[in-house]
Number of protein chains: 2
Amino acid sequence: MKRPTVQDVAREAGVSPSTVSRALHTRGYASPEVRERVQAAANRIGYVLDHNARNLRSRTSTSIGVLISDLRNPFYADLAAGIEEELRAAEYQMVLVNDNGDPAEEMRAAETLLAMRVPGVIVTPVTAACPRILQDNGVHVVCADRELGRSGSDVVLSDNKAGARELTEHLIGLGHTRIGFLIDETKWSTGAGRLAGFRAAHADHGLEVDEQLIAYTSFDAVAAQETTRELLDSLDMTAIVAANNVLAQGALAEIKRRRWKIPRRISLAAYDDVPWMSLVAPALTTVDQHTVELGRNCARLLLARIRGELPARRRIVRVAPRLIVRGSTGPAA
Amino acid sequence: MKRPTVQDVAREAGVSPSTVSRALHTRGYASPEVRERVQAAANRIGYVLDHNARNLRSRTSTSIGVLISDLRNPFYADLAAGIEEELRAAEYQMVLVNDNGDPAEEMRAAETLLAMRVPGVIVTPVTAACPRILQDNGVHVVCADRELGRSGSDVVLSDNKAGARELTEHLIGLGHTRIGFLIDETKWSTGAGRLAGFRAAHADHGLEVDEQLIAYTSFDAVAAQETTRELLDSLDMTAIVAANNVLAQGALAEIKRRRWKIPRRISLAAYDDVPWMSLVAPALTTVDQHTVELGRNCARLLLARIRGELPARRRIVRVAPRLIVRGSTGPAA
DNA sequence: CTGTTAGCGCATTCAT
DNA sequence: ATGAATGCGCTAACAG
């Protein structure tokens, strides 16, 4: 299976290999006449560029690494979709790796991407070590959705605090004063921001937060259901906020199991709007993170960085979320 | 940003570049003692293999192209997740491209993958031209989920006919004789198979299919809702089968809009189980395609093909679907 | 504007 | 078991 090379095209067109290279790929000098002749010759013999050779020679690549935690979670799928869309438009390719939130897998992936000589990586980081090792090797990094300590890399975030604050405020406005908050982690900026927004809304309205109402669980629908069960067993509340789509699933399952009417008996709201939330009855009040747009922003930012269009200073892009009020939230009982 | 090369490692370890190559990457001869010394030297100076150089030299690549229609559809996301999982385990990378079901985008992607010299591609084909051009250039192709004419390539399919037949039979068993069937396309083996299964179940039970009950729509929830509306406006039926998850969304929306009780007034069932279907009330009776497993099979098959472990004859893998009975189907009114 | 020369980093001969 | 030499296909310098 020998494929034609620039040499072959050169012979066919009666020019030199470098002229072929210039005419076809590089925007170097080449007279329109020659350009056309070379193009024709290339088509005739079915020539197709070899990215490996080009990358090796010019030490650049148009492959971008994308490192996410769970492609089956619509949040990550949407994020990846937005990234891919933007990369494709710019003639870049997306190498997608699922690290399952596992630090070891994440590190393995980073090494692979290093080996591929990708110019940039977009990552929803599990460990600060991952962005660091990449940057230490000259790879541009954009952290998506969350921030771990001071990585120094560009970052694209949803304004979690503002979104959670608005959502909580909506409930307070409906008369709720005892609101449960279901959350998995607060080490990352994501969870921390949402919790901060929850607290801020209370403070804005002169309400104390009963710390018992903040229920810590793990990133798993079954665990979230169990935690919700314990929460509802032990305390009184008129509303629950779930900090993300997975936890919302668990909370909803538990409320349904009890056959509690939503929103009459209890209101339910979730951060991170995903499709099923508008299909259930009643549909859930949520905060839409504009996840696809978040992904697009990551890609745009990374590409600008790669092209050297940005000042050295790290950039922080915040995408404003939007409150979507639906039927699952109503006046406090 | 100059990264260390085999030369540098060789100097550091006091051996020749070829020995480094053998010790590190290739399983050629190298004494354990030297192997270790080279390994240590490599770690010390932070050496990392250059895939581009390796690929160029050995004309193989460990990147696999994956061409799908819509990453935001959980079906494709699950498929991709299954593929990625298997590829990662085998130390391959996934280059994921979304073609949006557009033949032009699909063809562009194929050319890119050709340029990347990937040894194989997994595609949910839009056009037969795509698998063809890839194969003509020596790239192994596995078609996922559907088959377009005679492509000659390996293919991994859900047994659509069997699944739809079982689903329809379930309804007939409940006493339904007038069942609507909502479908978008029947040119691909996917839709054709599901429709065939629907017919076969009727035939099995000596029932005529009223052709009017087969409602053709387009791959879009809004269109599906509109088609469902027309269908319910014009004909009597006691159940509806939606041929995929997107159409199910439209059908459900329309039934809810009418405030018809499910399953009392009408039963609803869907092909292609996705998460929201078990969250709505009542939960939907569906056919689970084992989509992730479908993806895994695609990757396994492709890798086996690449490694030359398979006989020349094209292979057709069928993954048996599974009927999941939930609350949305009940006795005919 | 075009051709010539050189070499990117690696894996593979072929010697030894 | 190891080393020297070669070239994968391409593009960046340089010269013309």
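Per chain, numbering begins at 1; letters A, B, ... match sequence-line order.
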- Check A/Arg305, A/Arg314, A/Arg315 against A/Asp154 for a salt bridge (charged side-chain N to carboxylate O under 4.0 Å, His left out) and give me the one that passes.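 The option that passes is A/Arg305.
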
- Message: Quick test of your reading of the model: are B/Glu85 and B/Arg300 salt-bridged, counting only N-O distances below 4.0 Å?
- Response: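 B/Arg300 and B/Glu85: not salt-bridged.
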
- Task: May I ask you to evaluate whether A/Ser31 reaches the phosphate of C/dT2, defined as a side-chain N or O under 4.0 Å from OP1 or OP2?
- Result: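 Result: yes.
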
- Distance test, side-chain N/O of A/Thr19 to OP1/OP2 of C/dT2, below 4.0 Å: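 Checking C/dT2 against A/Thr19, no side-chain N or O comes under 4.0 Å of OP1 or OP2.
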
Residues forming a salt bridge (charged side-chain N to carboxylate O under 4.0 Å, His left out) with [X], sequence neighbours excluded:
X: B/Asp78; value: A/Arg72
X: A/Glu105; value: A/Arg108, B/Arg88
X: A/Arg132; value: none

- How long is the span from the CZ atom in B/Phe219 to the CD atom in B/Glu185, to the nearest 0.5 Å?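 Atom-to-atom, B/Phe219:CZ and B/Glu185:CD are 9.5 Å apart.
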
Do any side-chain atoms of residues 38-49 of chain B form donor-acceptor pairs under 3.5 angstrom with protein atoms, and if so which ones, sequence neighbours left out?
unit_1  : atom_1 : unit_2  : atom_2 : d
B/Asn43 : ND2    : B/Gln39 : O      : 3.4
B/Arg44 : NH1    : B/Glu12 : OE2    : 2.3
B/Tyr47 : OH     : B/His25 : NE2    : 3.2

- Heavy atoms under 4.0 Å is the rule here; annotate nucleotides 7-16 of chain D 5' to 3' with B where the base is hit, S where only the sugar-phosphate is, and - elsewhere. BBBBBBB---

- Item | Whole-Å gap separating P (D/dA1) and CG (B/Leu24) |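 B/Leu24 atom CG is separated from D/dA1 atom P by 18 Å.
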
- If we fit an axis to the first five pairs and another to the last five of the helix from C/dC1-D/dG16 to C/dT16-D/dA1, what angle do they make, to the nearest 10°?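 What I find for the helix from C/dC1-D/dG16 to C/dT16-D/dA1 is an axis angle of 30°.
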
- Could you go through the side chain to side chain contact (heavy atoms under 4.5 Å, CB included) check for B/Val95 and B/Leu113 one step at a time? CA-CA 9 Å; B/Val95 177; B/Leu113 294 169; 4.2 Å; yes

